[in-house]
Amino acid sequence: MYDLVIRGGTVVDGSGLPGYRADVGITGGRITRIGRIPREASQRGTDEIDAAGHLVTPGFIDGHTHMDAQVFWDEQGSCSAWHGVTTVVMGNCGFTLAPARADARHLVTRNLERAEEISAAAMEQGIAWTWETFPEYLDAVDALPKAVNYAAQVGHSALRTWAMGERAFDGPATDAELAEMEAVLREGLRAGAVGFTTTRNDNHETADGRPVASRLASWDEVRRLVGVLAEEGAGVFEITHEPGAGGPDEVREEYFARLRTLAAETGVPFNFGVSGRNGVFHGLRLLDSIADAGGVAYGLSHSRGINTVTSFRTKTAFDKLPLWSDIRALPLDEQRKAYSDPETRARLVEIALNGPYGRAIGAEARKPDFDRMRVYDRPMPPLRTVNEVAAERGVGPVDLILDLALETDFHQLFIQAVVSDDPADLLPVMRHPRAVMTFTDNGAHVGSMADASLHTLLLGHWVRGEGAFGWEEAIRMITYAPALAWGFHDRGLLREGMAADVNVIDPETVAPLMPVVAYDIPGGAYRLRQRARGIPATVVGGQVAFRDGEHTGALPGRLLRGPLASRD
């Protein structure tokens, strides 16, 4: 009767309601029975999972990723899939691989290379470019073998380079160019794009230090493109905030007023990051004020705070400093000799404490704050700061970093918050009713961030470790809440008739594992690869795609197209 039966678990269905003991029967990629399923032969599944002592939940949904390129060379969907994510939304912050004219693909990759730290060499070697238009890109993703589901959004920077070419990086669009962008966005929505995204943030630059294309757009251009979503009656709008969001009161309020007015006038659901101390005091107020004005907006929250991870096997904050840069260019064995030489080390320490670090953007390694930089020696908080560990050893912070690097054959990781990781700042955002726990950035910053673990960190640390949330509440935050925000009406809940994307979770052990450095990106680039424990099974489309974190070989993932794609 069933393709798969998950027996004896506690169903935590994503709604936030109390869990209950039940079996789950799956047929044809859909949940067909929740309740008691007899064990007699006629009621058994072709495959069965014993979930006794475990939670049975919807698959997790990650609404903020940059998997647009990685989907072409990674059929598993790592690292997200290893943490229970069964659906990812890509194309955020205005960065997409389509539309892209065949003779101008370099303009699209220029937007991605530094702003999202996606290797141009990896994109060149790992992607078979078979598209120009956004519908053609969707068809290409649709045809790929994949273990999890994907949904795609249209990026503003790609729209600009399609319509404007090199001029996209220089200034405003003409009326004709903007009309072209509107037409191409409409075409993308009708083919199945689930939204439109942009960035106005000065952390997003090209490799040659110019603003990415969307930052050159006028607000009227943004308004007209969001208006296309309103006219079509479909799609969400994601924006990476203007610098004014963290600026003086009058600048911030002017920007917030523009955003609030646009949300209320169009009725398009908005989403944007809410993090750090500024997010608590102003971002949450913006969410509420948009709702009061008649608009819809969701804040993207984080379970740890956005962090940069460094090591001597990847990058460090010291790499661009005098003397350091010369030594860091050497093989690790030669570096070991330099760091072990007292005279050389003394010079390195002095430069590290007083050197010219310059400006870091995005997740790039930045000047260390040794009271905020932590020794990343365990996968979940609490982590001790560099200054705390240095004081215990009776050494200075730079000496401590060098000592740990040498003691671990350069494997030691360090982590520093880009925005506040203080629980006093994280928890109010996580608990806000208009916030959605989904901000991994997976697919981007792969060598300097390890935030695909956001979901298992929520469960292992904040639920089991701290008791800040109940299981039902936390599961709702990463399943039904993002499903509502992005309009996935057939998933995010365990209900009969819903898509069979399901996790089986061990509440006693679920947690992220430590990241490791892996050279598994096309072109030989490295990334931080992070797995999880405590997820005995992840089911996608009714098939067991992962058992205990290992891929079964099943590739049931599909492209989830937006609602306009199904209309005549």
Side-chain angles (χ1 to χ4, degrees), residues 117 201-203 205 241 243 245-247 273-283 302-325 328 339 345-405 408 410 412-427 429 439 441 445 447-451 457 461 514-515 528:
E117 296 181 82
N201 196 285
D202 58 2
N203 269 316
E205 291 184 357
H241 282 315
V274 180
S275 58
R277 193 154 291 123
N278 188 57
V280 174
F281 290 115
H282 301 301
H302 204 288
S303 59
R304 185 178 62 198
I306 300 168
N307 293 264
T308 294
V309 178
T310 57
S311 83
F312 283 76
R313 287 186 175 268
T314 55
K315 292 180 180 179
T316 80
F318 313 130
D319 290 355
K320 296 180 180 180
L321 296 175
L323 184 59
W324 279 95
S325 60
R328 288 286 289 140
Y339 304 142
R345 178 185 279 220
R347 292 171 59 201
L348 290 170
V349 169
E350 193 279 330
I351 294 170
L353 293 174
N354 301 296
Y357 282 90
R359 175 173 172 260
I361 69 168
E364 292 176 352
R366 58 208 59 232
K367 182 178 181 179
D369 178 341
F370 300 118
D371 285 321
R372 295 180 66 187
M373 177 184 278
R374 301 178 187 277
V375 178
Y376 197 3
D377 54 3
R378 51 178 297 181
M380 296 194 297
L383 302 176
R384 296 173 297 168
T385 70
V386 167
N387 268 345
E388 288 171 340
V389 180
E392 290 176 5
R393 292 193 175 203
V395 299
V398 181
D399 277 309
L400 183 278
I401 290 171
L402 288 169
D403 287 345
L404 290 177
T408 63
F410 299 107
Q412 180 64 61
L413 301 175
F414 302 89
I415 188 167
Q416 179 168 321
V418 177
V419 295
S420 174
D421 58 359
D422 188 329
D425 297 325
L426 292 173
L427 285 169
V429 179
F439 207 162
D441 254 4
H445 312 295
S448 56
M449 292 176 64
D451 287 347
L457 183 69
H461 175 63
M514 281 296 296
L528 292 168

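The basis for the numbers below is simple: all heavy atoms, side chains too, and nothing from hydrogens, waters or symmetry mates. Index from 1, following the sequence.
- When all heavy atoms of Leu348 and Trp324 are compared, the pair lying nearest together is O-NE1, 2.9 Å.
- Tyr357 places a side-chain N or O within donor-acceptor distance of the main-chain N or O of Ala352, the cut-off being under 3.5 Å.
- Residues that satisfy the side chain to side chain donor-acceptor pair (under 3.5 Å) test with Arg345, not counting sequence neighbours, are Asp399, Asp403.
- Evaluation of the salt bridge (Lys or Arg N to Asp or Glu O under 4.0 Å) rule for Arg359 yields Glu205 as partners, not counting sequence neighbours.
- Taking the salt bridge (Lys or Arg N to Asp or Glu O under 4.0 Å) definition, one finds that Arg384 meets it with Asp377, Glu392, sequence neighbours left out.
- In this structure, Ala365 and Ala360 approach most closely via the heavy-atom pair O-CB, 3.5 Å.
- In terms of heavy-atom proximity, Leu457 sits nearest to Pro381 at CD1-CD, 3.7 Å.
- Rounding to the nearest 0.5 Å gives a distance of 5.0 Å between CD1 of Ile415 and OH of Tyr376.
- Proximity of Ser448 to Lys315: side-chain heavy atoms (C-beta onward) are nowhere separated by under 4.5 Å.
- The two residues Arg328 and Phe312 make their nearest non-hydrogen contact at NH1-O, 2.9 Å.
- Rounding to the nearest 0.5 angstrom, the gap separating the CE atom in Met373 from the OG1 atom in Thr308 is 9.0 Å.
- Pairs passing the salt bridge (charged side-chain N to carboxylate O under 4.0 Å, His left out) check and including a residue from residues 365-374, sequence neighbours excluded, read Arg374-Asp421.
- Listed by chain and residue number, Thr314 satisfy the side chain to side chain donor-acceptor pair (under 3.5 Å) test with Ser311 (two or more places apart in sequence, or in another chain).
- For the pair Thr310 and Thr316, the tightest heavy-atom approach, listed with the atom from each and the gap, is CB-CA, 4.1 Å.
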* Full working for side chain to side chain contact (heavy atoms under 4.5 Å, CB included) between Leu400 and Phe370 -> CA-CA 11 Å; Leu400 183 278; Phe370 300 118; over 6 Å; no

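- The distance from atom CG of Leu323 to atom CZ of Phe318, rounded to the nearest 0.5 Å, is 12.5 Å.
- In terms of the side chain to side chain contact (heavy atoms under 4.5 Å, CB included) criterion, residue partners of Thr408 (sequence neighbours excluded) are, by chain and number, His411, Gln412.
- Listed by chain and residue number, His302, Arg304 satisfy the side chain to side chain donor-acceptor pair (under 3.5 Å) test with Asp451 (two or more places apart in sequence, or in another chain).
- With sequence neighbours left out, Asp425 forms a side chain to side chain donor-acceptor pair (under 3.5 Å) with Arg277, Ser420.
- Scanning for side chain to side chain contact (heavy atoms under 4.5 Å, CB included) contacts around Pro322 gives Ile351, Pro356, with sequence neighbours left out.
- Partners of His241 under the ring-ring contact (aromatic ring centres under 6.0 Å, His included) rule, at least two apart in sequence or in another chain, are Tyr255, Phe272.
- Partners of Glu117 according to the salt bridge (Lys or Arg N to Asp or Glu O under 4.0 Å) rule, which considers only residues two or more places apart in sequence or in another chain, do not exist here.
- By the ring-ring contact (aromatic ring centres under 6.0 Å, His included) test, Phe439 is found to be paired with His64, residues two or more places apart in sequence or in another chain being considered.
- Residues Val386 and Ile401 meet the side-chain proximity criterion, which asks for heavy atoms closer than 4.5 Å.
- One distance of note links CG of Leu404 with CZ of Phe410; it measures 12.0 Å at 0.5 Å rounding.
- Across every non-hydrogen atom of Leu528 and Gly447, the tightest pair is CD1-O, 3.8 Å.
- A 4.5 Å side-chain heavy-atom check between Pro515 and Leu413 finds at least one atom pair inside the cut-off.
- Put simply, the side chain of Pro379 reaches to within 4.5 Å of the side chain of Met514, judged on heavy atoms.
- In this structure, the side chains of Val418 and Met449 stay at 4.5 Å or more apart for every pair of heavy atoms.
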